[in-house]
Amino acid sequence: MNKWEDNKAWFMVIPVFLVVAISAIIPLMTVVNYSLQDIFGPNQRVFVGLEWYKDALTDPRLHAALKRQLMFSSLVLLIEIPLGILIALMMPKKGWGASLSLVLVALPLLIPWNVIGTIWIIFMRPDIGLLGAAINGFGIPFDHTASGLDAWITVMMMEVWHWTPLVVLLAYAGLQAIQEAYFQAARIDGASGWAIFRYIQLPKLRGVLTIAVLLRFMDSFLIYAEPFVLTGGGPGNSTTFLSIYLVKLAVGQFDLGPAAAFSIIYFLIALLFCWLFYQVLLKIGTGDKS
Amino acid sequence: MKFQKRTIGLIIYFILLMLPIYWMLNMSLRTNAEILSVFSFYPKSPTLANYIKIFTDQSWYSGYLNSFYYVSMNVAISLLTALPAAYAFSRYSFLGDKHLFFWLLTNRMAPPAVFLLPFFQLYSTFGLIDTYFAVALAHCLFNVPLAVWVLEGFMSGIPREIDEMAYIDGYSFPRFFLTIFVPLIRTGIGVTAFFLFMFSWVELLFARTLTTTAAKPIAAIMTRTVSASGLDWGLLAAAGILTIVPGALVIWFVRNHLAKGFALGRV
Amino acid sequence: MPTAIFFITIACLLVAMTIWQAKAPSSERKGFLPIATTPGDRLFIGLLSSAFINLAWLGLTNFTLWISFIIALIWMIVLMRWG
């Protein structure tokens with residue numbers, strides 16, 4: 001569909017532009033401003049140039065948080081993507097079963113993020129939580145507030161529980177879009193279930209899965225509320241991810257300068273992934289039309 | 001045979017999926033004393049005391065009201081500003097349209113933590129801290145781009161000939177837009193409103209930081225309870241269950257649009 | 001002040017690109033980058049990659065930032081011309 005070419009359309013975009021500009025550009029400028037200064041008080045500022053950036057880039061705690069973050073995000077992708085595809089394959093294609101499955105699957109996505117944390121606190125408590133008690137019942141001591149490893153496992157389980165449904169929904173939508181004729185042709189050829197998946201379904205899912213991978217990576221990269229409520233970044237620093245560290249730095253210790261410099265670096269990384277995502281999306285969009 | 005294996009696998013997954021939620025429901029129907037003394041898979045003597053407490057204690061139910069206020073304000077602002085913009089993006093090509101669209105998208109993906117501090121400073125300057133408007137405006141940062149995107153998708157599905165016909169018939173743009181176009185995409189508007197509601201509802205970081213007492217959302221009140229000593233687990237669980245209810249009620253109406261909305265929504 | 005200079009520079013670049021685009025509409029083309037790009041796209045890619053070049057320089061070496069600034073500038077020119 002060709003669009004009308006008319007720059008007057010800008011007038012319709014202005015309200016959105018203003019609203020988002022107020023809440024995006026001004027804060028961004030403030031952050032950049034902070035990142036270049038040392039702030040002692042309301043009117044005591046010293047220009048320090050790129051000092052904070054140097055600090056942030058060489059901060060070992062930040063490196064540790066980044067490493068933890070990357071490991072977390074990769075694990076998330078490794079577990080959630082295959083699991084999501086598997087479940088999407090199992091879901092019925094039509095009828096009331098399909099609707100019911102969709103609604104059930106989507107339910108975890110609609111829970112406020114900190115409530116997710118609360119649910120899992122309750123669920124994992126060794127004394128009153130079902131899973132916590134069950135694991136301890138098998139004679140394995142498990143306490144996410146004491147052991148770093150246990151905290152990791154708990155956060156991972158929560159993350160998989162919370163966000164695999166998104167992968168399921170996307171993969172399911174992708175599977176629904178495959179025409180029945182492909183399956184009929186495959187059946188005539190006597191293809192096995194695995195062959196159908198490998199040579200028909202998986203290639204057709206490529207676009208959707210790219211979106212899912214990027215979304216899950218972005219999201220897990222920005223994760224804050226759920227682990228914050230569940231573990232508060234602890235025990236020690238074992239589950240302190242980038243966002244948690246940033247908020248600790250900015251709100252907890254009020255180190256505005258380093259926090260701002262760190263924010264800018266964080267923002268640039270997010271911007272890079274966002275741009276990649278947009279390119280992929282555009283490519284898929286044009287690919288569908290041609 | 002194969003069909004059955006699938007169904008069993010699916011049922012196991014759903015059980016695992018529902019188990020944590022069920023456990024919270026179970027907790028919410030018991031008193032704290034019972035929770036701490038007896039371990040049981042179902043409430044032995046179900047009680048609604050926790051829910052009654054929430055609905056009668058002002059510090060609890062005001063949290064829900066606060067959340068509803070700023071969420072509805074946000075949905076209203078986002079929809080009103082996004083409708084014309086989405087129309088512009090779906091119908092016209094104009095200078096810098098792709099770049100503008102991308103810029104909107106970046107705001108959806110930017111780490112909220114980055115914007116936290118400046119927001120706080122900015123709103124303090126204007127005396128907006130602890131008002132519904134502050135939170136509603138902050139949530140516009142990610143909800144307006146979302147609204148533009150989802151609406152644009154729905155609008156592009158409507159053939160342009162309809163617009164052309166209306167203009168030939170002598171409709172002015174505002175009249176055409178309100179009497180013909182908006183009714184045509186009402187499904188889209190409904191679905192968009194659902195996602196706006198959802199993402200404003202689940203967000204915690206801004207809502208918690210920009211409010212202190214008067215406009216505190218329920219989610220933040222729960223967090224405060226978590227950090228306090230001597231937890232009342234039953235009460236906490238009941239509050240959690242109540243936050244799930246609104247989403248669970250409306251999800252059925254948008255089930256066919258879920259995948260699309262979430263794909264764009266988490267952008 | 002430096003913040004103001006930084007943002008004014010970016011704003012000027014954007015305005016200049018917009019005027020250029022309005023005066024002489026340019027279309028997408030294929031350079032050495034794997035995707036077809038407009039000058040605006042290349043400006044964005046250039047700015048973003050320059051930011052990363054400077055950050056990497058700052059984090060990994062102790063030399064003055066002017067060197068990486070010049071590298072980034074050359075990279076920008078190459079990108080705008082042949083990208």
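Just so it is clear, the model here is predicted, and its values are computed rather than measured.
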Contacting region of A:V19 [heavy-atom separation from chain B under 4.5 Å]: side chain
Could you tell me which portion of B:F206 (side chain, backbone, both or neither) has an atom closer than 4.5 angstrom to a non-hydrogen atom of chain A? neither
Please look at B:F14 and chain A and tell me whether the side chain, the backbone, both or neither of the residue comes under 4.5 angstrom of a heavy atom of that chain. side chain
Measuring centre to centre across the rings, with the benzene-like ring taken for any Trp, is A:F241 within less than 6.0 Å of A:Y245? no
Looking at every heavy atom in both B:S156 and B:R91, which two are closest together, and how far apart are they? CA-NH1, 4.3 Å
Using a cut-off of under 4.5 Å for heavy-atom pairs, which of A:L242, A:L107, A:V31, A:I87 has the most such pairs with chain B? A:I87
Contact winner vs chain A - B:V148, B:I241, B:L19, B:L83, heavy-atom pairs under 4.5 Å: B:L19
Compute the centroid of each ring, for B:F177 and then for B:Y87, and state whether the two points are separated by less than 6.0 Å. yes
Is B:A248 in contact with chain A via its backbone, its side chain, both, or neither, using a 4.5 Å heavy-atom distance? both
Pick one of side chain, backbone, both or neither for B:L122, based on which atoms fall under 4.5 Å of a heavy atom in chain A. side chain
Heavy-atom proximity to chain B below 4.5 Å, by part of A:M29: neither
Considering only heavy atoms, which portion of A:Y172 lies under 4.5 Å from any heavy atom of chain B: side chain, backbone, both, or neither? neither
Applying side-chain contact (heavy atoms from CB on, under 4.5 Å), can you list everything that pairs with A:L175, at least two apart in sequence or on another chain? A:A88, A:L89, A:I178, A:Q201, A:L205
Under 4.5 Å from any heavy atom of chain B - which part of A:I25: side chain
Heavy-atom cut-off 4.5 Å, strictly under: side chain, backbone, both or neither for A:W275 against chain B? both
Start with the C-alpha gap between B:W149 and B:F101, add the side-chain angles, then the distance that decides, and say whether ring pair (Phe, Tyr, Trp, His ring centres under 6.0 Å) holds. CA-CA 9 Å; B:W149 202 346; B:F101 209 61; 5.7 Å; yes
Please name all residues satisfying side-chain contact (heavy atoms from CB on, under 4.5 Å) with A:A259, sequence neighbours left out, ordered by chain then number. A:L246, A:L249, A:A250
Less than 4.5 Å to any heavy atom of chain A: does that hold for the side chain of B:L100, its backbone, both, or neither? side chain
Using modelled atom types only, decide if a donor and an acceptor are shared between the side chain of B:T106 and the backbone of B:W103 within a distance under 3.5 Å. yes
Closer than 3.5 angstrom, by distance alone: can the side chain of A:Q69 be matched with the main-chain N or O of A:S220 as a donor-acceptor pair? yes
When the aromatic ring centroids of B:F195 and B:W201 are compared, is their separation below 6.0 Å? no
Residue selection (most heavy-atom pairs with chain A, distance under 4.5 Å) from B:L17, B:L80, B:N26, B:I21: B:L17
B:L104 versus chain A, heavy atoms under 4.5 Å apart: side chain, backbone, both or neither? side chain
Let's test your reading of the structure: which of A:A270, A:S243, A:S263 forms the most heavy-atom pairs below 4.5 Å with chain B? A:S263
For A:F197, look at atom CZ and say whether over 12 heavy atoms of other residues, nucleotides or ligands are found less than 6.0 Å away. yes
